[in-house]
Amino acid sequence: MISKSKNMGNPGNPVVFFFSLVFILGSLSLLPICTAEEAVNQTHTTKFLSPTANPAVKRLTNVGGFGLVPEPTIILDYHSGPVMSGRNDKINIFVTFYGNFSPKQRSTLRLFFRSFWNGQSRVSKNHPTVANWWQITHNYVDLYNTPVARNLLLAGDIRDKYSLGKDLLQSDIQKLVLKSMRKFGADARSIYLVLTSEDVLVEKFCMSVCGTHYYTFPSAATNGQMVPYGWVGNPASQCPGLCSWPYSAGGFLTKGLIPPNGDVGIDGMTITAANLLAGIATNPFGNGFYQPDGLEAVGACQGIYGTGSYPGYPGELLVDNKTGASFNVFGSRDTMFLVPRMWNPATLLCAGQV
C-alpha cells in the first residue's frame, strides 16, 4: 500500500532554505590527449549545496497553502555536440564497486541500475517508474536528430578492495575506470561508473561535491576513444546532510525522511547516480545540453522531487505504508527509489515521468 505525503517539513519556519544542484563544466571543446592528472583539473563536478538561508527566495501565503512566485521558463541550450545514443537504442553501464560494500548494498545498487531497462518494473502502468523517468532523455536529440537511447543496461560490475588506498584523488577515478576497461573493454557508447564506499575519502567529496562526471582522452588504453565516466561517493558517515537530502535533515525538514531501502547512504547514492547518468547521456563531452551557468538536465530542476516542491522542501512524495519510507518511482522487482525531476525539452518543464 502506498499513499501520498504532503506535509513533511515545517513551513512555519521564518527562514527560507534552498537545496540546489550545481553543475560546473570543464572545457567545452575537444581537447588533446593528456594525463589523468591533467584531466582532473577539467572534471565536470556535480555539486549539491547544503540547504542554507536564501533571502532572495520569496513565498506568497494564501488560505490553504503557499503560492510560489512564478518563475521564467527553463531553457537548456544545445551546444552542437553529441548525445549518447548507445547501440541498438541501449547504453551499457559498467560499474566498479570500490571499497567495502555489503551484499545488500551492492544488491540495491544493481537493482537500481537494472531499473532503467524498459519493461523491468512489474507495477501498474499508472505507477511512476525509473524507466519512464529515463524516457524523458529520449527527447534530447543531436544535430542529426538522433536521440538519447531509451534503455540503460547494467552490463557488468567488478569489486575493487582499495587497490589505490582509502584516500583518492579525482585523477584516481580515471585510473579505476581505465582498470575496469581491461575486463569490460573500452566503448565510447557505454558509461563507466566508479562507486566508492563510505570509508573512502575522495578529493572534493563532501566539500559541496557528491559526484563527478567526465570522459577519458584518446589513448591506447581507450583504443583512441573519448569514453564518458562518472563517480559517486557514499555520504552515509561523511556528509549525509549534503548528499543524502531529503533522507537527512535540511531545509524545512527538521528530520530526514525514511529511505526506501533502509540505507541513507545508498539511497543518497541513487539520487546522485540518477543525476549523473542523465548528465552524461545528454552532455557526455561538455558540448551537449546545459545552461550558461553549467546546470544540466537534472540540475536545471534543482531540488525538485514532487508536486508542490519549493527550495528546502522536496514536494509531495509517495509513502510506503508498511515502512513509512518516502519515494517517487518504482524500480526492478518492485523496489522503490527517489529520483530528481528532469527538464523535458518537449515541454520546457521539469518532469518526473514522460
Side-chain angles (χ1 to χ4, degrees), residues 2 21 23 73-76 78 81-93 109-155 189-191 193 213 228 230 260 270-284 288-290 295-302 304-307 309 314-318 327-354:
I2 57 173
L21 175 65
F23 189 33
T73 301
I74 297 174
I75 297 294
L76 253 67
Y78 175 53
V83 297
M84 295 202 69
S85 57
R87 300 180 188 280
N88 300 318
D89 211 18
K90 175 189 68 178
I91 302 170
N92 286 331
I93 306 174
L109 290 166
R110 286 176 180 136
L111 284 171
F112 177 68
F113 294 127
R114 288 168 181 156
S115 300
F116 288 86
W117 184 261
N118 226 353
Q120 277 293 301
S121 179
R122 294 173 295 182
V123 301
S124 166
K125 292 184 178 180
N126 296 325
H127 284 48
T129 64
V130 175
N132 282 337
W133 176 82
W134 181 255
Q135 299 314 300
I136 299 172
T137 65
H138 199 64
N139 291 322
Y140 288 77
V141 298
D142 64 12
L143 283 174
Y144 304 97
N145 207 37
T146 302
V148 172
R150 290 184 183 274
N151 295 289
L152 293 178
L153 174 67
L154 179 60
R189 293 178 179 269
S190 297
I191 296 175
L193 291 181
H213 82 75
T270 60
I271 294 172
T272 304
N275 166 42
L276 287 184
L277 288 171
I280 294 172
T282 59
N283 188 32
F289 287 86
Y290 60 88
L295 295 178
E296 295 182 309
V298 170
C301 303
Q302 45 190 323
I304 303 175
Y305 295 90
T307 302
S309 172
E316 297 181 14
L317 304 178
L318 299 174
F327 67 102
N328 61 8
V329 288
F330 288 93
S332 178
R333 298 184 184 177
D334 298 339
T335 47
M336 305 171 192
F337 300 101
L338 184 68
V339 295
R341 291 290 176 94
M342 189 192 315
W343 183 72
N344 189 339
T347 62
L348 306 184
L349 298 173
C350 293
Q353 300 282 283
V354 289

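Just so you know, these numbers come straight off a predicted model, no measurement behind them. Atom set for the values below is all heavy atoms of this structure, side chains included, hydrogens, waters and symmetry mates excluded.
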Practice task
May I ask you to test the Ile74-Leu349 pair for a side-chain heavy-atom distance under 4.5 Å?
Solution key: no
Fill in the blank from the handout: Correct closest heavy-atom pair for Asn283 and Glu296 would be ND2-OE2, 2.7 Å
Handout entry: Polar side-chain atom of Gln353 near backbone of Thr129 as donor-acceptor pair, under 3.5 Å
Key = yes
Exercise for the section: Check whether any side-chain heavy atom of Tyr305 sits under 4.5 Å from a side-chain heavy atom of Ile271, and report yes or no. Expected result: yes
Practice task
Calculate, to the nearest 0.5 Å, the distance between atoms CD and CG belonging to Gln135 and Asn151 respectively.
Solution key: 6.5 Å
Practice task
Please answer whether the main-chain N or O of Leu143 pairs with a side-chain N or O of Tyr78 as donor and acceptor at a distance below 3.5 Å.
Solution key: yes
Practice task
Please confirm whether the backbone N or O of Ser332 pairs with a side-chain atom of Ser115, one donor and one acceptor, at under 3.5 Å?
Solution key: yes
Handout entry: Aromatic plane relationship, Tyr140 with Phe289 - under 30° parallel, 30 to 60° tilted, over 60° perpendicular
Key = perpendicular
Completion exercise
Nearest heavy-atom approach of Ala274 to Val339 is CB-CG1, 4.0 Å
Handout entry: Euclidean distance, Ile191 CD1 relative to Asn92 CG, rounded to 0.5 Å
Key = 9.5 Å
Handout entry: Donor-acceptor contact below 3.5 Å, side chain Thr146 vs main chain Asp142
Key = no
Completion exercise
Correct closest heavy-atom pair for Ile304 and Cys350 would be CD1-SG, 4.3 Å
Fill in the blank from the handout: In terms of heavy-atom contacts, Pro340 and Val298 come closest through CB-CG1, 3.4 Å
Practice task
State which residue, out of Val83, Val148, Leu152, fulfils the side-chain contact (heavy atoms from CB on, under 4.5 Å) condition with Thr137.
Solution key: Val148
Handout entry: Heavy-atom side-chain contact between Ile91 and Phe116 under 4.5 Å
Key = no
Problem - Side chain to side chain, Leu318 and Pro128, heavy atoms closer than 4.5 Å - result: yes
Practice task
Search all heavy atoms of Leu276 against all heavy atoms of His213 and return the closest pair with its distance.
Solution key: CD2-CD2, 4.0 Å
Completion exercise
For Trp134 and Leu277, the nearest pair of non-hydrogen atoms, with its separation, is CH2-O, 3.6 Å
Problem - Donor-acceptor pair, side chain of Asn344 and main chain of Ala346, under 3.5 angstrom - result: yes
Exercise for the section: Any chance you could measure Ile75, atom CD1, to Trp343, atom CH2, to the nearest 0.5 Å? Expected result: 5.5 Å
Problem - Side chain to side chain, Ser85 and Arg189, heavy atoms closer than 4.5 Å - result: yes
Exercise for the section: To the nearest 0.5 Å, tell me how far Leu338 CG sits from Asn328 CG. Expected result: 4.5 Å
Practice task
With the side chain counted from C-beta on, respond yes when Arg341 and Thr307 share a heavy-atom pair under 4.5 Å apart, and no when they do not.
Solution key: yes
Handout entry: Interatomic distance, Leu111 atom CG to Leu154 atom CG [nearest 0.5 angstrom]
Key = 10.0 Å
